[in-house]
Asker: 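Before I ask anything, let me first share the structure, which is written out below as structure tokens.
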Amino acid sequence: MIRNYIDEDYLSGYIPNLDSLLFTGETNFNKQKVLAEIEVANDFINSNYKGLFIRNDLSLRESGTTLSATTTETISSEDKLTRLRWVVDVKVLTGVDKTLTLYGTNDSGDNYTELNSMTIGTTNVGSIISQTLAVPYTAYKVTATVPSGTLDYSSLMTETGYDTLYALKWGGLIYFQNYKKEDDQYFSKYNEFKKRYDAEFAKFVVNYGDEINEEDTFGSNPRSITMLK
């Protein structure tokens, strides 16, 4: 399902002086973020894609079972889409902080490499946390270190190409709302972000999962590829 996982820290990589663009009385860019998410979704919908079936995730763990001891999940299915964003949705957490560690393998699980880790606490319950990887692997697994208390979470890998679209759309909206006249620096930046977004969207290839019916209109889109999870 299409979803935005980037935050203002990620966006600041595109706009280093991001805080200077805040309007008086505002403390964040959430309003522009919501608009950007809607506009990106509409761009896909208007191009005959269905948001429910794009940004195809690779599941590492489904929530629903509460852990009370350190647990390593089974190896994931093969990642055929080079997903580079690790996402965790914390459902339940009691007691002390817990640590989640992501491992990758290229040989069906004979050998693993520790890739990333994150510490989560009670303040993370009900929120989504994510990190990006520098190097892709064939498959992944997660270990939850639970020294005491309980933990339930879901975890997945997802494509990062969408991050670029969201960042360019979000940044463009911020500059658009800041410009006063068409020859000022903000309008120039808005045009730059818009051109980059349009170019990125034009070349974007959507990967569908095996649940897609090839006879559907959106399944025959020339910029889509039907792939297994």
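Residue numbers run from 1 in the order of the sequence given.
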Asker: Same cluster or not: are V135 and Y103 linked, directly or through other Ile, Leu, Val, Met, Phe, Trp or Tyr residues, by side-chain heavy atoms under 4.5 angstrom apart?
Answerer: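 No, no single cluster joins them.
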Asker: To the nearest 0.5 Å, what is the distance between OG on S155 and CG on D89?
Answerer: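 It is 9.5 Å, given to the nearest 0.5 Å.
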Asker: I need the single residue from Y14, W170, F193 that forms a ring-ring contact (aromatic ring centres under 6.0 Å, His included) with Y175. Which is it?
Answerer: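 It is F193; the other options fail the test.
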Asker: Which atoms form the tightest heavy-atom contact between L60 and M157, and what is the distance?
Answerer: CD1-CG, 3.9 Å
Asker: Report the residues that fulfil ring pair (Phe, Tyr, Trp, His ring centres under 6.0 Å) with F23, sequence neighbours left out, ordered by chain and then residue number.
Answerer: none
Asker: Using the ring pair (Phe, Tyr, Trp, His ring centres under 6.0 Å) criterion, which residues pair with Y186? Sequence neighbours excluded.
Answerer: none
Asker: Measuring only between side-chain heavy atoms, which start at C-beta, is S154 closer than 4.5 Å to K91?
Answerer: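 Result yes, sub-4.5 Å side-chain heavy-atom pair found.
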Asker: To the nearest 0.5 angstrom, please state how far the CD1 atom of I54 sits from the CG atom of D57.
Answerer: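 The distance works out to 11.5 Å.
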Asker: With the threshold set at 4.0 Å, does a side-chain nitrogen-carboxylate oxygen contact exist between E192 and K195?
Answerer: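 No.
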Asker: Can you see whether W86 engages S130 through a side-chain donor-acceptor pair at a distance of less than 3.5 angstrom?
Answerer: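 Judged by distance alone, the side chains do not pair up.
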Asker: For L67 and A144, which heavy atoms make the closest approach, and how far apart are they?
Answerer: CD1-CB, 4.0 Å
Asker: Can any side-chain N or O of N4 pair as donor or acceptor with the backbone N or O of E37 at less than 3.5 Å?
Answerer: no
Asker: Between L22 and I15, is there a shared hydrophobic cluster once you connect ILVMFWY residues whose side-chain heavy atoms come closer than 4.5 Å?
Answerer: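 Yes; tracing contacts between hydrophobic side chains, which count when under 4.5 Å, links both residues.
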Asker: Check the surroundings of atom NZ in K33: do more than 12 heavy atoms from other residues, nucleotides or ligands lie under 6.0 Å from it?
Answerer: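 Enclosed.
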Asker: If we ignore hydrogens and angles and just use 3.5 Å, is the side chain of R85 paired with the main-chain N or O of D163 as donor and acceptor?
Answerer: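 It does not hold such a pair.
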Asker: Any luck finding a side-chain donor-acceptor pair between T72 and T143 under 3.5 Å?
Answerer: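 On atom types as modelled, these side chains qualify, holding a pair under 3.5 Å.
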Asker: Going by atom type alone, with no hydrogens or angles, which donor-acceptor pairs under 3.5 Å involve a side-chain atom of residues 115-129 and a protein atom two or more places apart or on another chain?
Answerer:
from, atom 1, to, atom 2, distance (Å)
N116, ND2, Q131, OE1, 2.8
N124, OD1, G121, N, 2.8
S127, OG, N124, O, 2.5

Asker: Salt bridge check, K31 against E26: does any charged N sit closer than 4.0 Å to a carboxylate O?
Answerer: yes
Asker: Got I75 and T105 here, is their nearest side-chain heavy-atom distance under 4.5 Å?
Answerer: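 Result yes, sub-4.5 Å side-chain heavy-atom pair found.
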Asker: Could you tell me whether R83 and D79 make a salt bridge, using a distance below 4.0 angstrom between a side-chain N and a carboxylate O?
Answerer: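 Yes, charged N to carboxylate O under 4.0 Å.
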Asker: Is the side chain of K169 donor-acceptor paired with the backbone N or O of A167 at a distance under 3.5 Å, no angle test?
Answerer: no
Asker: Under a 3.5 Å cutoff, is there a donor and acceptor pairing between the side chains of R55 and T158?
Answerer: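 Indeed, the side chains of R55 and T158 share at least one donor-acceptor pair under 3.5 Å.
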Asker: Check the hydrophobic clustering (I, L, V, M, F, W, Y; side-chain heavy atoms under 4.5 Å; chains of links allowed) and say if I6 and L173 are grouped together.
Answerer: no
Asker: Show your working on side chain to side chain contact (heavy atoms under 4.5 Å, CB included) between Y166 and I2 and close with a plain yes or no.
Answerer: CA-CA 11 Å; Y166 282 116; I2 186 170; 3.2 Å; yes
Asker: If you draw the axis of the six-membered ring of Y112, does the NZ or CZ of K141 fall within 45° of it and under 6.0 Å from the ring centre?
Answerer: yes
Asker: Quick one: NZ on K50 to CE on M1, what's the gap to the nearest 0.5 Å?
Answerer: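 It comes to 14.0 Å.
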Asker: Calculate, to the nearest 0.5 Å, the distance between atoms CG and OG1 belonging to L133 and T160 respectively.
Answerer: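 L133 atom CG to T160 atom OG1 measures 9.0 Å (nearest 0.5 Å).
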Asker: Testing the basics here: between S77 and A139, what is the closest heavy-atom pair and its distance to 0.1 Å?
Answerer: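 Nearest heavy atoms, S77 then A139: O-CB, 4.0 Å.
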Asker: Out of curiosity, does L18 fall in the hydrophobic cluster containing Y197 (side-chain heavy atoms, cut-off under 4.5 Å, transitive links)?
Answerer: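 Same cluster: Y197 reaches L18 through Ile, Leu, Val, Met, Phe, Trp or Tyr contacts under 4.5 Å.
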Asker: Regarding E159 and N207, is there a side-chain donor-to-acceptor distance under 3.5 Å anywhere?
Answerer: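 Side chains of E159 and N207: pair found under 3.5 Å.
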Asker: Just by distance, no angles: are the side chains of D107 and N111 close enough, under 3.5 Å, to form a donor-acceptor pair?
Answerer: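 Yes.
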Asker: Mind checking whether L21 and Q32 have side chains closer than 4.5 Å, heavy atoms only?
Answerer: no
Asker: Scan side-chain atoms only and decide if T150 and T94 contain a donor-acceptor pair under the 3.5 Å cut-off.
Answerer: yes
Asker: Excluding sequence neighbours, so at least two apart, what forms side-chain hydrogen bond (donor to acceptor under 3.5 Å, both in side chains) with T82?
Answerer: none
Asker: Under the ring-ring contact (aromatic ring centres under 6.0 Å, His included) rule, what pairs show up with a residue in residues 127-162, not counting sequence neighbours?
Answerer: F44-Y162, Y162-F204
Asker: Grab the two heavy atoms, one from L58 and one from S76, that are nearest each other, plus how far apart they are.
Answerer: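 So the minimum-distance heavy-atom pair works out to CD2-OG, 3.8 Å.
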Asker: Are side-chain N/O atoms of Y49 and D43 paired as donor and acceptor at under 3.5 Å?
Answerer: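 D43 and Y49 do not have a side-chain donor-acceptor pair below 3.5 Å.
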Asker: Under a 4.5 Å side-chain heavy-atom rule over Ile, Leu, Val, Met, Phe, Trp and Tyr, are L156 and V88 clustered together?
Answerer: no
Asker: Under the rule for side-chain hydrogen bond (donor to acceptor under 3.5 Å, both in side chains), what residues qualify as partners of N17, not counting sequence neighbours?
Answerer: S20
Asker: Quick check: Y179 with F187 (ring centres under 6.0 Å apart)?
Answerer: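 Yes - the distance between ring centres of F187 and Y179 falls below the 6.0 Å cut-off.
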Asker: Check whether the side chains of D152 and S63 place a donor and an acceptor atom closer than 3.5 Å, and report yes or no.
Answerer: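 D152 vs S63: no donor-acceptor pair found between side chains.
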